[in-house]
Amino acid sequence: MNDKKRKISIIGSTGSIGTQALEVIEKLQDKFEIIALAGGHNVELLKKQAEKYHPEFVSCSCNPELVSGSHNAKILNGLEGLEQICSNKENDIILVACSGKIGLRPTLTAIKNGIDIALANKETLVMAGDIIMNEAKKHSVKIIPVDSEHCAIHQCIKDINLVDKLIITASGGPFLNKTIEDIKNATVEQALAHPRWHMGKKITVDSATLMNKGLEIIEAHHLFGFNYDDIDVVIHPQSIVHSAIEYVDGSIIAQLGLPSMHIPIQYAITYPERFEGIKSKSFKFSEIARLDFAEPDYEKFPALKLAYSMGKIGGTATVCLNAANEEAVFAFLDGKIKLYNIYEITKKMCDEHKVIQNPTIDEIFEVDREIRLNTQKLISLKYLFET
Ligand code: MG
């Protein structure tokens with residue numbers, strides 16, 4: 001990073017990853033200059049961030065007047081605002097930390113402008129992994145994963161051509177040791193009580209059903225170019241081994257650490273350099289005492305199997321998986337359906353979906369829109385009055 005400050009923008013600065021990224025940047029003040037911050041509906045926090053970090057631009061998804069305050073940032077708005085941020089070549093790197101499909105088009109814009117990406121938004125790769133990775137290659141853009149498992153793999157890989165297998169760890173979520181009956185009757189509260197990680201609501205529910213792991217194998221397939229049969233998932237409740245790789249000679253390299261998103265965020269935005277930054281305490285093997293590993297239970301967590309099969313089909317199959325699952329998760333969070341219905345609904349939508357291979361970005365968005373509408377319809381017709 002030399003003496004020159006790295007110029008960074010954050011899409012999704014008010015979310016869980018965004019706020020932690022700002023904590024990292026605050027610790028490494030002399031290394032970064034913030035160009036732009038983009039937030040969603042948490043206007044008050046966005047305004048505070050603008051006042052504290054002095055970005056050149058802030059972008060919101062609300063009425064821009066609500067963000068004006070005692071800062072000098074130019075206020076942008078909506079998808080257009082995100083596009084403006086991502087086409088600003090002043091940026092050395094953009095952290096895409098928003099949730100959902102909103103991140104897709106701006107990420108593509110940034111890549112086409114040759115700006116490196118620290119990627120925390122899974123949907124971008126799940127929906128359009130082929131397009132994103134092709135464009136990144138074409139424009140020599142680095143995509144550094146923030147997702148802790150992928151960040152771990154990124155740290156382990158020295159020569160990707162000599163790697164046989166990726167091993168992605170999963171904490172197993174709050175229902176790891178519960179019965180299928182418990183899972184079927186789980187409340188929103190129980191699903192949101194993740195034992196290891198504090199994250200947004202949507203991803204926490206996905207962790208409870210293991211769909212999050214399913215989305216992560218799709219993410220890994222695109223990021224590292226591995227076949228699905230060479231991407232394993234192993235349950236590891238302590239969340240100390242963040243993931244591993246197996247080399248052709250049988251050597252396993254894993255990345256370990258206490259569960260903290262600060263570390264992968266910092267790795268991604270400072271890559272290829274490393275700094276002391278926000279590390280809170282030293283890791284002691286003796287304090288961990290034991291690490292457990294187990295095969296995932298596909299009967300209890302069928303979402304993971306569904307993700308493997310949709311990933312193998314490719315094309316818009318993963319767009320359908322993602323859209324149907326997300327709509328079902330929202331319905332669950334709204335108290336409209338049960339936890340187990342999320343899988344049933346997603347599976348039904350996937351079974352009925354006519355896959356388009358090699359879709360364009362517009363086709364991807366069209367499929368996404370259609371699947372969401374049909375999922376909502378299915379929920380209101382079939383499920384809403386049963387629960
Ligand atoms: Mg993860």
Side-chain angles (χ1 to χ4, degrees), residues 11-12 17 38 79-80 82-83 85-87 93-147 149-150 154 202-203 206 211-228 231 268 306-327 346 349-350 353-375:
I11 306 294
I17 298 288
L79 187 58
E80 204 181 307
L82 300 185
E83 290 283 356
I85 291 171
C86 290
S87 47
I93 188 162
I94 292 179
L95 169 62
V96 181
C98 54
S99 70
K101 63 183 169 185
I102 186 94
L104 179 49
R105 281 191 203 269
T107 305
L108 204 51
T109 300
I111 293 171
K112 287 181 176 168
N113 281 285
I115 303 163
D116 288 339
I117 305 288
L119 188 63
N121 173 277
K122 286 189 178 75
E123 288 83 352
T124 301
L125 290 175
V126 171
M127 290 175 72
D130 290 333
I131 295 175
I132 291 285
M133 296 314 288
N134 276 338
E135 288 293 326
K137 204 169 160 195
K138 202 159 108 191
H139 296 276
S140 305
V141 160
K142 287 194 216 67
I143 306 225
I144 318 294
V146 172
D147 207 347
E149 297 78 1
H150 307 76
H154 194 272
K202 196 262 171 181
I203 184 173
D206 282 345
M211 179 57 92
N212 183 51
K213 219 37 66 178
L215 299 176
E216 286 181 355
I217 56 160
I218 299 167
E219 202 184 350
H221 160 80
H222 290 294
L223 272 172
F224 305 110
F226 275 66
N227 291 328
Y228 286 95
I231 305 171
L306 181 62
Y308 267 110
S309 33
M310 291 301 107
K312 283 180 186 175
I313 294 170
T316 53
T318 56
V319 181
C320 172
L321 176 83
N322 177 63
N325 173 67
E326 187 164 310
E327 288 304 319
T346 310
M349 297 310 296
C350 287
H353 177 56
K354 287 203 175 60
V355 175
I356 307 170
Q357 289 295 347
N358 302 310
T360 62
I361 282 287
D362 288 337
E363 284 172 328
I364 287 171
F365 276 104
E366 181 49 31
V367 167
D368 178 81
R369 195 190 61 85
E370 213 173 278
I371 297 292
R372 282 174 197 273
L373 266 177
N374 291 341
T375 309

For this session: Return the minimal non-hydrogen interatomic distance between His222 and Met133, and the atom names on each side.
Result: O-CG, 3.4 Å
Seminar exercise, completed: Heavy-atom closest pair (Pro106 atom, Cys86 atom, distance to 0.1 Å) is O-CB, 3.3 Å
Seminar exercise, completed: For residues 105-115, the salt bridge (charged side-chain N to carboxylate O under 4.0 Å, His left out) pairs (sequence neighbours left out) are Arg105-Asp362
Problem set entry | Which atom of Asn121 lies closest to which atom of Cys98, heavy atoms considered | ND2-O, 2.8 Å
Problem set entry | Reported CD1-to-NZ distance for the pair Ile217 and Lys312, which is rounded to 0.5 angstrom | 8.5 Å
For this session: Compare every heavy atom of Ala128 with every heavy atom of Ile364, then report the nearest pair and how far apart it is.
Result: CD1-CB, 3.7 Å
For this session: Would you please test Leu125 and Leu223 for side chain to side chain contact (heavy atoms under 4.5 Å, CB included) and show each step?
Result: CA-CA 8 Å; Leu125 290 175; Leu223 272 172; 3.5 Å; yes
Exercise. Does Glu80 CD have over 12 foreign heavy atoms under 6.0 Å away?
Worked result: no
For this session: Calculate, to the nearest 0.5 Å, the distance between atoms NE2 and OH belonging to His221 and Tyr308 respectively.
Result: 12.5 Å
Seminar exercise, completed: Interatomic distance, OG1@Thr109 vs CD@Glu83, rounded to 0.5 Å, equals 3.5 Å
For this session: Please assess Thr107 against Ile111 for the test side chain to side chain contact (heavy atoms under 4.5 Å, CB included), listing each intermediate value before the final yes or no.
Result: CA-CA 6 Å; Thr107 305; Ile111 293 171; 4.1 Å; yes
For this session: Any chance you could lay out the side chain to side chain contact (heavy atoms under 4.5 Å, CB included) test for Ile231 and Phe224, step after step, and finish with the verdict?
Result: CA-CA 10 Å; Ile231 305 171; Phe224 305 110; over 6 Å; no
For a quick test of your reading: what N or O donor-acceptor pairs under 3.5 Å do the side chains of residues 316-324 make, sequence neighbours left out?
unit_1, atom_1, unit_2, atom_2, d
Thr316, OG1, His353, NE2, 2.8
Thr316, OG1, Ile356, N, 2.8
Thr318, OG1, Val126, O, 2.7

Exercise. Of the non-hydrogen atoms in Glu363 and Thr360, which two are nearest, and what is the gap between them?
Worked result: OE1-N, 2.9 Å
For this session: Could you walk me through whether Ile132 and Leu108 pass side chain to side chain contact (heavy atoms under 4.5 Å, CB included), step by step?
Result: CA-CA 6 Å; Ile132 291 285; Leu108 204 51; 3.8 Å; yes
Exercise. Out of curiosity, Met211 CE to Glu326 CD, how far, rounded to the nearest 0.5 Å?
Worked result: 11.0 Å
For this session: Please round to the nearest 0.5 Å and tell me the distance separating atom NZ of Lys122 and atom CD1 of Ile218.
Result: 11.0 Å
Exercise. Rounded to the nearest 0.5 Å, how far does CG of Asn325 lie from CE of Met349?
Worked result: 12.0 Å
Seminar exercise, completed: For Val355 and Gly314, the nearest pair of non-hydrogen atoms, with its separation, is CG1-O, 3.6 Å
For this session: State, yes or no, whether a side-chain contact exists between Ile131 and Ile361 at a heavy-atom distance under 4.5 Å.
Result: yes
Exercise. Do the charged groups of Glu123 and Lys101 touch, with an N to O distance under 4.0 Å?
Worked result: no
Exercise. Within a strict 4.5 Å, meaning less than it, do heavy atoms of the Ile85 and Ile11 side chains meet?
Worked result: yes
For this session: For side-chain hydrogen bond (donor to acceptor under 3.5 Å, both in side chains), just list the numbers for Glu370 and Asn374, CA-CA rounded to whole Å, side-chain angles, deciding distance to a tenth of an Å, and then say yes or no.
Result: CA-CA 6 Å; Glu370 213 173 278; Asn374 291 341; 4.8 Å; no
Exercise. Any donor-acceptor pair under 3.5 Å linking the side chain of Asp116 with the backbone of Lys142?
Worked result: yes
